[in-house]
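Step one of this worksheet: look at the structure below.
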Amino acid sequence: HDPEAKREARARVLAQLVEHDLVAEDYGGDTMVVETSALAGAKKNGLDSLIESIALQADIMELKAADKGQCEAVVLDANMEKGRGVVADLLIRWGELSVGDSIVVDTMYGKVKAIIDDKGKKIKKAGPSMPVQVLGLRTVPTAGQEMLSVENETRARQISERRLRVTDLKLQRKKDKIPQMCPNWVE
């Protein structure tokens, strides 16, 4: 934890920002810089300062996401847990997600059985910028996939099945091209 190495690393990062026309507030620019660390302990990692700074900046800029209507979220992580089923960590981008909503993630679908906030408390609804855990998907999605809420489970299943057919067609086309690219290849 050499202070000189820390100063040099900070200067290097600020110089890289300038290469992309982002000048830190410390140097007269308008780019907010908040130091964080993946190596520091939970109390010193700077995430509280980062969250506070983002909230302040959003307030100053009067940024608002649509908090009503169809929900769109991104999957941060997901796994299968004994006794709970598929647990998907989501970040809500916009709209509102409620318990009972039908959802689609890629070729998977389900119905929201429970929503758990970042403090481990069960909630009935989640809005923009909220990190939540959702229970109710039938299979485990992959990080980075988009989740959409739809009118009902029938519509969710239709979207899922259509996406699955498209995926199957793409795979079939790739498979059909293999003999053309490798005529001597035998299956």
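Numbers here are sequence positions counted from 1. Note that this is a predicted model, so its numbers are computed, not measured.
- When the shell of 6.0 Å around CG of Asp30 is examined, it contains 12 or fewer heavy atoms from other residues, nucleotides or ligands.
- Within the 4.5 Å cutoff, no side-chain heavy atoms of Glu96 are placed close to those of Cys71.
- Between Arg157 and Glu153 there is no salt bridge, since no side-chain nitrogen of the basic residue lies less than 4.0 Å from a carboxylate oxygen of the acidic one.
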Please lay out, stage by stage, how Asp26 and Arg10 fare under the test salt bridge (charged side-chain N to carboxylate O under 4.0 Å, His left out).
CA-CA 12 Å; Asp26 295 356; Arg10 185 177 196 280; 2.8 Å; yes
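- Partners of Arg12 according to the side chain to side chain donor-acceptor pair (under 3.5 Å) rule, which considers only residues two or more places apart in sequence or in another chain, do not exist here.
- The number of heavy atoms from other shown groups lying within 6.0 Å of CD (Gln57) is above 12.
- Under the 4.5 Å side-chain contact rule for hydrophobic residues, Leu135 and Tyr109 do not share a cluster.
- Looking at Leu91 and Val75, their side chains never come closer than 4.5 Å, going by heavy atoms from C-beta outward.
- Val74 places a side-chain heavy atom less than 4.5 Å from the side chain of Leu76.
- The side-chain contact (heavy atoms from CB on, under 4.5 Å) with Ile103 is formed by just one residue from the set Leu90, Leu148, Leu137; it is Leu137.
- With sequence neighbours left out, Asp77 forms a side chain to side chain donor-acceptor pair (under 3.5 Å) with no residue at all.
- The closest side-chain heavy-atom distance from Val104 to Arg163 is below 4.5 Å.
- You'll find the side chain of Met147 reaches within 4.5 Å of the side chain of Leu97, heavy atoms only.
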